[in-house]
Each structure stands twice: as structure tokens, then as C-alpha cells.
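If you read the sequence from its start, that first residue is 1, and numbering goes on from there.
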Amino acid sequence: MNPQQWTTVDAYFTDLLAPADETLAATLRESDTAGLPQINVAPNQGKLLHLLAQIQGARRILEIGTLGGYSTIWLARALPADGRLVTLEYSPEHADVARANLARAGFDKTAEVRVGPALDSLTELGAEHAANPDPFDFVFIDADKANNAHYLEWSLKLTRPGSLIVLDNVVRGGAVADGSSTDPAVRGTRAALELMAEHPRLSATAVQTVGTKGYDGFALARVLA
């Protein structure tokens, strides 16, 4: 099977099970117009995040890596009326696009976009959590891959037993299996996966995927008591 067939099958799944609405379509259009990189999750993957958050019964969601807010909207749609979402974005320009997209979607009061290096924002969240514990039920990590293990460590500090953590883009075109790789993204991803395997408070697996995003995959971890 070739990549063109992957895209054809993805299109079939998306049209049938995750069709675009005007809000999501506008989010992608505005992101493209602003010159953001086209690295959003695929629609069927966005729907997967939505379903996982719903199954989890998430009331508080943390997203590390906002871009234009496309995945943020999918996640916010899974929240109850009193739910909250915090999303972390390095680029002020990307954050502005995301805020506009979230406002159009009706989530400007639900989703908070924090700007700056994610590790700095996570440190701030950690201080807030220490003063007023309110754990996240669901975490989606989709930022710079070199820091994946650090993002996972912070996710553990900010969640509770039973929380779910999704780590995106773990396959790296197959390079994740190369223990000698010097690519920071590969090394960071391997470090996060090894932490998932070794940490006594995590139970995890990883899945390879193909589709419009090419050859990729994600890891899913549950926080244990």
C-alpha cells in the first residue's frame, strides 16, 4: 500500500466519521492565511482526541502545543459546560491566531492560551497547582519533541490517578527505533517512551498510524495510583 492509498482511506474515514463543520474549516483557513505551518492533527485524529477526552469524562484538559487551536477546539468540545482547558503556545503570533479561532468557536471563556516556552508555563502551572490543587484529567503533548520527557514529567505532577496522557508524533518516520540517532526529536521521544515504560505511575502503549500525516503514531499512558 502506498501513501496515496493512505490518504484516500483517511479521506473516506474523515468524510464518514469526522466531517468538517464551518468552525473547524475556518480554523484551518485562518491558520493557513496567517502562515502557520500545516502540522495540525488530521481530522480523524482530532475526533480521536475528542472521543478519548469524552470517554475519560475530562473536566480539565492540558494541551502542550497550541498552534492555531485546531486540536484545542476538538478537545474543548469534549468538555462539560463548566470544564476548563489550558493550552501552551511558544509563539505569540500563533497564540493570537489560536485565540481568534477559539473565540469564533465559542471557547474563549473555556480555553486559556498561555504564551511562552512551555517549560516556563508548566513551572507556573506547577506553582498554581501547589497552592490550589486542581489536577488535569487529560493531557495532550504535541510541542517540540526534544523536550517530550520533560513535558511528560510535568504532566505527571499536574494530573491524578486515572488521568490520560497522549503523546503525539512518536514514530518519527520510523527513526524512533534507532537508538543511535542524534536527532533531538528522536532522542526526546525515546526518552519520553522510556520514561513511560519505567515509571511506576504509568501504564502505556504506542501505536503506529498511516494517513494524510504520513507514517506516524502516538503513545497513550494512564496515570496509576
**OP:** Starting at OG1 of Thr110, measure out to CD1 of Ile73 and round the result to the nearest 0.5 Å.
**Re:** 11.5 Å
Under 3.5 Å, side-chain donor or acceptor atoms of residues 162-175 against the rest of the protein: list the pairs with distances, not counting sequence neighbours.
| from | atom 1 | to | atom 2 | distance (Å) |
| --- | --- | --- | --- | --- |
| Ser163 | OG | Phe136 | O | 2.7 |
| Ser163 | OG | Arg160 | N | 3.1 |
| Ser163 | OG | Arg160 | O | 3.1 |
| Asn169 | OD1 | Lys145 | NZ | 2.9 |
| Asn169 | ND2 | Asp216 | OD2 | 2.7 |
| Arg172 | NH1 | Asn169 | O | 3.2 |

Original post:
Checking side chain to side chain contact (heavy atoms under 4.5 Å, CB included) for the pair Val139/Ile141: CA distance, chi angles, key distance, verdict?
Top reply: CA-CA 6 Å; Val139 180; Ile141 303 173; 3.9 Å; yes
Original post:
Could you go step by step and tell me if Tyr70 and Ser31 meet the side chain to side chain contact (heavy atoms under 4.5 Å, CB included) rule?
Top reply: CA-CA 9 Å; Tyr70 182 75; Ser31 297; 6.0 Å; no
Subject >> In one Ile/Leu/Val/Met/Phe/Trp/Tyr side-chain cluster, 4.5 Å: Val176, Val210 >> reply: yes
Original post:
Hey, does the side chain of Gln45 reach the backbone of Ala42 with a donor-acceptor pair shorter than 3.5 angstrom?
Top reply: yes
Subject >> Ser91 versus Val115, closest heavy-atom pair with distance >> reply: C-CG1, 4.2 Å
**OP:** Output the distance between atom CG (Asn44) and atom NZ (Lys213), rounded to the nearest 0.5 Å.
**Re:** 10.0 Å
**OP:** Taking all heavy atoms of Ala58 and all of Leu79, pick out the closest pair and write down the distance.
**Re:** O-CD2, 3.5 Å
Original post:
Could you state the interatomic distance from CG (Leu125) to CG (Leu88), rounded to the nearest 0.5 Å?
Top reply: 6.0 Å
Original post:
Can you find a pair of side-chain heavy atoms, one from Phe138 and one from Leu52, that are under 4.5 Å apart?
Top reply: yes
Subject >> Test item: Lys47 side-chain N/O and Pro19 main-chain N/O as donor-acceptor pair under 3.5 Å >> reply: no
Subject >> Charged N-O contact under 4.0 Å between Asp21 and Arg77 >> reply: yes
Original post:
Where is the tightest heavy-atom contact between Ala98 and Gly69, given as atom of each residue plus distance?
Top reply: CB-N, 3.9 Å
**OP:** Output every pair passing side-chain hydrogen bond (donor to acceptor under 3.5 Å, both in side chains) with a member in residues 122-132, not counting sequence neighbours, ordered by first then second residue.
**Re:** Arg114-Glu128
Original post:
Are Leu156 and Arg201 close enough, and set up right, to give a side chain to side chain contact (heavy atoms under 4.5 Å, CB included), and what steps lead you there?
Top reply: CA-CA 8 Å; Leu156 272 168; Arg201 291 186 59 222; 3.8 Å; yes
**OP:** Classify the side-chain pair Asp144/Tyr90 by whether it contains a donor and acceptor separated by less than 3.5 Å.
**Re:** no
Subject >> Which atom of Gly188 lies closest to which atom of Asn148, heavy atoms considered >> reply: O-CB, 3.5 Å
Subject >> Spatial distance of atom CH2 (Trp74) from atom CZ (Phe140) [nearest 0.5 Å] >> reply: 13.0 Å
Subject >> Side-chain donor-acceptor pair present, Thr87, Glu112, cut-off under 3.5 Å >> reply: no
Original post:
So, Lys157 side chain and Gly126 main chain: donor-acceptor pair closer than 3.5 Å or not?
Top reply: no
Original post:
Is there a side-chain contact between Asp142 and Thr66, using heavy atoms and a 4.5 Å cut-off?
Top reply: no
Subject >> Exam field: side chain His94 to backbone Gly68, donor-acceptor pair closer than 3.5 Å >> reply: no
Subject >> Leu48-Ile55 co-clustered via ILVMFWY side chain contacts under 4.5 Å >> reply: no
Subject >> Non-hydrogen atoms of Glu153 and Leu195 that approach each other most closely >> reply: CG-CD2, 3.6 Å
**OP:** Indicate if Val207 and Val41 have the same hydrophobic cluster label, given that clusters are the connected sets of ILVMFWY residues with side-chain heavy-atom separations under 4.5 angstrom.
**Re:** yes
Original post:
Can Leu24 be reached from Leu75 by stepping across I, L, V, M, F, W or Y side chains whose heavy atoms are under 4.5 Å apart?
Top reply: yes
**OP:** To the nearest 0.5 Å, tell me how far Leu85 CG sits from Arg59 CZ.
**Re:** 14.0 Å
Original post:
Is there a donor-acceptor pair under 3.5 Å between the side chain of Glu89 and the backbone N or O of Leu67?
Top reply: yes
Subject >> Co-members of the apolar cluster containing Val186 [side chain, <4.5 Å] >> reply: none
**OP:** Using the rule that two of Ile, Leu, Val, Met, Phe, Trp, Tyr join whenever any of their side-chain heavy atoms come within less than 4.5 Å, decide whether Leu28 and Leu49 are in one cluster.
**Re:** yes
Subject >> Ile64 side chain near Ser155 side chain, heavy-atom distance below 4.5 Å >> reply: yes
Subject >> CG on Asn101 to CG on Asp108, rounded to 0.5 Å >> reply: 11.5 Å
Subject >> Atom CZ of Arg99: over 12 foreign heavy atoms under 6.0 Å >> reply: yes
**OP:** For residues Leu202 and Val223, determine if any side-chain heavy atom of one lies less than 4.5 Å from a side-chain heavy atom of the other.
**Re:** yes
Original post:
Would you say Asp137's side chain and Arg60's backbone share a donor-acceptor pair under 3.5 angstrom?
Top reply: yes
Original post:
What pair of heavy atoms forms the shortest contact from Val97 to Ala34, and how long is it?
Top reply: CG2-CB, 3.6 Å
Original post:
Do Ser180 and Asp178 meet the criterion of a side-chain donor-acceptor pair at a distance under 3.5 Å?
Top reply: yes
Original post:
Is the backbone of Gln5 close enough, under 3.5 Å, to the side chain of Asn2 for a donor and an acceptor to pair up by distance?
Top reply: yes
Subject >> side chain to side chain contact (heavy atoms under 4.5 Å, CB included) assessment of Leu152 paired with Met196 >> reply: CA-CA 8 Å; Leu152 181 59; Met196 284 184 176; 3.6 Å; yes
